[in-house]
Amino acid sequence: MSDANKISIIVLSDKREQLQMAAMIASVGAVSGNEVLVFLSMNALRYFARGSDIHAPAEGPVGELIDAKNVPPFKTLFEQAVSLGDAKIHPCSMAMDLLGLEHGQLEDYVGEAMGLTMFLDAAQGGQVWSF
Amino acid sequence: MAEKKIIDARGSFCSGPLMELIAGIKMVEIGDEIEVLSTDKGSAAEIPQWIKKVGHELIGTREEAGIWYVNIRRTK
């Protein structure tokens, strides 16, 4: 995959629309031959605690429609990005420390904690998206 | 003899039908045909673009009574 496009996605928000768009770019990007890295930090991370079904609040009317209609949940899309597209999802080590989370407490498709030095190195030369 | 697999993604919104197709395409043999049923207009446009990007064969797309039928052949 050395000739693949690199797409790095920083996910910070706890809002439904932001999480949904990040998950869509991650999943479609990953299944289209891109090398996708997702970096989970700040208020987004707690949703990825194992088995978490915390409700992500909508920012506006479209977020409410996402709830009401049959849109794939953002966690399902992130999981498919990994299972179908070989994306890599890593939690930010700072957010892990602040929340007191260990690797084993996160969903199976989320990898080891990653620090900023490693993330910046991995993201270098590719597209970077932030939500 | 190539077989045809139906993926019924009616009622699902973007990017659900595409992701269902991608999961399904791994389950069929090279040369097999898949027909995706979708009620989401965006997905009916998105799926052919994905096919072109990754290099499978788009057999055709048609709409009947609000349902899009997208036919694909797995080529690799």
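What you see below is based on every heavy atom in this structure, not just the backbone, and it leaves out hydrogens, waters and symmetry mates. Letters go in sequence order (proteins before strands), and every chain restarts at 1.
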Take a 6.0 Å sphere around CE of A:Met94 and say whether it holds more than 12 heavy atoms from other residues, nucleotides or ligands. yes

Heavy atoms of other groups near B:Glu64 CD, more than 12 under 6.0 Å: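 Above 12, so yes.
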
Joint hydrophobic cluster, [X] plus [Y], side-chain heavy atoms closer than 4.5 Å:
| X | Y | answer |
| --- | --- | --- |
| A:Val110 | A:Met96 | yes |
| A:Val82 | B:Leu21 | no |
| B:Ile7 | B:Ile59 | no |

Heavy-atom side-chain proximity of A:Pro72 to B:Met19 below 4.5 angstrom: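 Of all side-chain heavy-atom pairs linking B:Met19 with A:Pro72, none is under 4.5 Å.
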
Go through it in stages, so that I can follow the logic: the residues are A:Ile66 and B:Phe13, the test is side chain to side chain contact (heavy atoms under 4.5 Å, CB included), and I'd like the CA-CA distance, side-chain angles, deciding distance and then a yes or no. CA-CA 9 Å; A:Ile66 290 172; B:Phe13 287 83; over 6 Å; no

Output the distance between atom OG (B:Ser15) and atom CD (A:Gln20), rounded to the nearest 0.5 Å. 7.5 Å

Value rounded to 0.5 Å, distance of CG in B:Leu18 from CG in A:Leu84: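 Result: 10.0 Å between the selected atoms.
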
Any donor-acceptor pair under 3.5 Å linking the side chain of B:Trp50 with the backbone of A:Val28?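 The answer is no, because no donor-acceptor pair under 3.5 Å joins these two groups.
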
Where do A:Val31 and B:Ile22 come nearest, in terms of heavy atoms and distance? CG2-CD1, 3.1 Å

